[in-house]
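Below is one structure, written out as structure tokens, with a few remarks after it.
All residue numbers in this chain count up from 1 along the given sequence.
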Amino acid sequence: MNRNCNRPAATIVAFFLMTACTDEQVEDSMTESEADSSPNVTGTDATTEMGDTSETMSGENPFLVESPLYLQYPPFDRIDDSHYLPAFETGMAEHLAEIDAIVNQDEAPTVENTLVPMELSGQILNRVSRVFFGLMSAHTNDEMQAIEVEIAPQLSEHRDRILLNGALFDRVKTLYDNREGLGLDPESLRLVEETHRDFVRAGAELSEEQKVRLRAINTELAELETEFSQNVLNEVNAMYTVVDTREELAGLTEAQIEGAADEAESRDLPGQYVIPMVNTTQQPLMAALENRDLRERMLAASMSRGNRGGDYDNREVLSLTATLRAERAALLGYESHADYILDNQTAKTVAAVNERLASLTPPSVANAEREAADLQAMIEAEGGDFELAAWDWDFYTDKVRRERFQFDASQLKPYLEMNSVLENGVFYAATQIFGITFQERFDLPVYQEDVRVFEVFDHDGSTLSLFIFDPYARESKRGGAWMNAYVSQSHLENKLPVVANHLNIPEPPEGEPTLMTFYEVITTFHEFGHALHGMFSNVTYPSFAGTSVPRDFVEYPSQVNEMWATWPEVLANYALHYETGEPMPQDLLDRVLAAEQFNQGYATTEYLAASITDQALHQLPADQVPSADELMQFEADALATAGADLATVPPRYRLTYFSHIMGGYSAGYYSYIWSEVLDADSVEWFKENGGMTRENGQHFRDTLLSRGGAEEALSQFRNFAGREPNVEPLLERRGLN
């Protein structure tokens, strides 16, 4: 599912990898401890720039000081593109000076004189990084993309100057070696252990010669990862489908046809129609388009992204990236990049991930093949004389759904108006479960006119957070859906969170309501689950705030929140006809719920196919990484070897537009299914314990949602559920048992 973007935070500088999440990424202004994390960790020897920079910034650059707005909400109305580079330069220089002060003190290291000032360091860099990388995803432009290209390698170098600082590591190691005798509280003890782990994983114990090579690799990776991500965005914007006649759009609604005409006008193609592309391989409108040739054309274009030649071809970029990641892993003592990544996740080993994917693939493929047979039967029943193809799947799936469950997507959309989904669904569920309430704010600036801001109040009436809701797709926004944190909670800094959800719902023609698909509704609940993880954070150290948890755990709370989208009490409250206010008819509601397992073979197989290719590429040593010319054949061979090479079920993402593996999910796309084991088991826990009650919500909040990275991830699950995770609920949910 095209959902969130969140990346685990590195305990040492929680601002280092601010969002670059893709699609599902989890998206807390995320940071992660992986050395390759993202193009967003960038750096420069900023100390040489201070003379000019401070003059440029004097009194005018809003990043120089804390925002004066409520909860330090970013002053979007005062931020100009010209502010970013000077703020990055000044921020890095300030940060390095703060690190030097820690290193050069005479006192023996303590948590208070070493780790606490490290946690508090880099405030300017933190502020500019969170806003810049947040808007790079949500509302970018050519100037910002140019800045990203320039700043990415600088921030990578900056990160290395801190994590490879031998004198700083000596202080951290002294604390680590003596940690048991320091009398620390549990969170401070974890900070010592995780900070030491981050330094070691970043290469602090390497020789000086090895560190030189590591720095070079990290800098080159920052450049390549930025190039890949920008290629994906530029390619998806360039590869829209042009349609000449209205007749070719048969099957679409009037509003969708009008939207395609407006899109063509905006691209100087008057009298024609344009269908923009989205991130995933399959394109949503193909479920409705009756013109088979048009569907085939759209899918062919989608699958050619990044591997068709031209300016945005990603094959060479990805081959070099995978090679350098593998070399770095070997330098750090790991057999592959996947081994390096998984060592810091709850999965721990390549073998564990391979076993999980291998156990799920055969039943998923078998389910998909049964579904394909049903679709083929529908084709033949209608007199079709062709074999089912990948571009037919969604179209005929919708037909089979209509026949089997007596409803289709067009029947649902009038009951899924966006404001009702948000306020009567997402917010209503949160109020029922957690006691929190919402009030829209119109006095805080936004970066785009469609963005909305809400103040969130806790069950006792105190302010909990600010929540930014950015629902609509636009050319300046990357595809997918994600959560981002502009301010993270921390008792040390006395900060409350400012979190955002970003979706890509097509904006309707002016004056028309925003009617959502059921998929978009589920995504909205999912992303808000990430937001709750950020809002409920209750930790001392900023490095542990919110979604600062392992990548294969971060999706779990957001997946749990999806259950409320179909919880009868919640669904009945928001599924109201946008014109009449009438609730969705009970029989239609019942059919929607009955169809929850429908098409799960396809959905699971396309997801597993992408997970398999991610692992296959990142489990290779450097000398076995495929070249640019070999990359697509490698992808095909990996799927065939795993038994996941169904022609009718292409991977959810092909390698050349697989943004996740550049935005924090490299060797980590398996995380969704891994987290779903915990999610499905937790749904059973709620059902067994009385469902939607305040007591259950408070227990989930206290044991898990509030803990962030301050406790080991699976311990949080055990504290919540009172047991080890059970895979059976997942198998039942997906029809794999």
Side-chain angles (χ1 to χ4, degrees), residues 6-11 25-26 30-37 176 189-203 205 325-326 328-361 543-544 547-557 559 607-608 611-621 642 660-661 664-682 704 707-721 723-727 730:
N6 281 299
R7 83 180 58 157
T11 50
Q25 275 168 328
V26 352
M30 306 159 248
T31 60
E32 70 180 289
S33 54
E34 272 42 80
D36 75 314
S37 287
Y176 178 77
L189 177 61
R190 184 165 173 81
L191 183 69
V192 171
E193 293 173 342
E194 291 301 296
T195 301
H196 178 265
R197 180 181 179 86
D198 289 343
F199 271 86
V200 172
R201 284 176 58 79
E205 294 184 327
R325 286 173 172 173
R328 182 181 58 198
L331 196 62
L332 293 168
Y334 294 89
E335 291 187 11
S336 69
H337 178 69
D339 287 284
Y340 168 70
I341 292 294
L342 295 173
D343 180 56
N344 205 34
Q345 306 301 310
T346 66
K348 295 301 182 187
T349 67
V350 163
V353 171
N354 287 347
E355 188 281 328
R356 175 65 52 79
L357 297 179
S359 69
L360 294 175
T361 299
S543 290
F544 292 144
T547 56
S548 302
V549 297
R551 173 65 71 201
D552 56 7
F553 190 81
V554 76
E555 296 297 335
Y556 155 49
Q559 289 170 329
Y607 162 77
L608 289 173
S611 301
I612 287 163
T613 58
D614 170 32
Q615 286 297 319
L617 182 65
H618 287 117
Q619 288 180 18
L620 296 173
H660 292 74
I661 60 176
Y665 278 87
S666 61
Y669 194 60
Y670 77 94
S671 299
Y672 290 92
I673 202 82
W674 194 272
S675 293
E676 196 177 350
V677 171
L678 305 180
D679 154 37
D681 200 12
S682 297
L704 200 143
R707 302 310 301 136
E711 295 176 18
E712 191 271 332
L714 287 180
S715 293
Q716 295 181 38
F717 174 82
R718 296 185 195 102
N719 291 339
F720 162 67
R723 61 178 182 242
E724 294 294 325
N726 177 15
V727 73
L730 169 66

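- Pairing each heavy atom of Phe553 with each of Thr346, the nearest pair is CB-CG2, 4.3 Å.
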Item to check | Pair Leu617-Arg325, side chain to side chain contact (heavy atoms under 4.5 Å, CB included): steps then yes or no | outcome: CA-CA 10 Å; Leu617 182 65; Arg325 286 173 172 173; over 6 Å; no

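- Separating the CG atom in Leu704 from the CZ atom in Arg718 is a distance of 12.0 Å, to the nearest 0.5 Å.
- Rounding to the nearest 0.5 angstrom, the gap separating the CD atom in Gln615 from the OG atom in Ser666 is 9.5 Å.
- With contacts defined as side-chain heavy-atom distances shorter than 4.5 Å, the pair Asn354/Thr349 does not qualify.
- Annotation for Pro621 and Ala326: closest pair C-CB, 3.9 Å, computed over non-hydrogen atoms.
- Atoms OG1 and CD1, on Thr361 and Ile612 in that order, are 4.0 Å from each other to the nearest 0.5 Å.
- By the 4.5 Å heavy-atom criterion applied to side chains, Ile341 and His618 are not counted as neighbours.
- The aromatic rings of Tyr669 and His660 lie perpendicular to each other, with more than 60° between the two planes, well past the 30° mark.
- With Asp681 contributing its side chain and Asn726 its backbone, the two residues share a donor-acceptor pair below 3.5 Å.
- For the residue pair Ser336/Asp339, the side-chain donor-acceptor check at 3.5 Å is satisfied.
- Of the possible polar contacts, one joining the Gln716 side chain to the Gly708 backbone as a donor-acceptor pair under 3.5 Å is found.
- Partners of Tyr334 under the ring-ring contact (aromatic ring centres under 6.0 Å, His included) rule, at least two apart in sequence or in another chain, are Tyr340.
- Closest approach of Val554 to Tyr665, counting heavy atoms only: CG1-OH, 4.1 Å.
- Between the side chain of Ser359 and the backbone N or O of Arg356, at least one donor-acceptor pair lies under 3.5 Å.
- Under the 3.5 Å distance criterion, with hydrogens and angles disregarded, no donor-acceptor pair is assigned to the side chains of Gln559 and Glu555.
- Pairing each heavy atom of Arg328 with each of His337, the nearest pair is NH2-CE1, 3.8 Å.
- Residues Trp674 and Gln345 have side chains not in contact (no heavy-atom distance under 4.5 Å, counting atoms from C-beta outward).
- Of the inter-residue distances, the one linking Tyr176 atom OH with Phe199 atom CZ reads 14.5 Å to the nearest 0.5 angstrom.
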Item to check | Asn719/Arg707 under side chain to side chain contact (heavy atoms under 4.5 Å, CB included): CA gap, chis, key distance, verdict | outcome: CA-CA 11 Å; Asn719 291 339; Arg707 302 310 301 136; over 6 Å; no

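- To the nearest 0.5 Å, atom CG of residue Leu620 and atom CD of residue Glu335 are 12.5 Å apart.
- Contact of the Gln619 side chain with the Leu342 side chain is not registered, since no non-hydrogen atoms from C-beta on lie closer than 4.5 Å.
- Here the closest non-hydrogen pair linking Ala347 and Ala352 is O-CB, 3.6 Å.
- Using a 4.5 Å heavy-atom threshold, the side chains of Asp614 and Tyr670 count as separate.
- Atoms CD1 and CG, on Ile673 and Leu730 in that order, are 5.0 Å from each other to the nearest 0.5 Å.
- The two residues Ser682 and Tyr556 come nearest to each other via the heavy atoms OG-OH, 2.7 Å.
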Next on the checklist: Under the criterion side chain to side chain contact (heavy atoms under 4.5 Å, CB included), I'd like the reasoning laid out for Glu194 against Ser543: C-alpha separation, chi angles, the key distance, then a yes or no.
Outcome noted: CA-CA 10 Å; Glu194 291 301 296; Ser543 290; over 6 Å; no

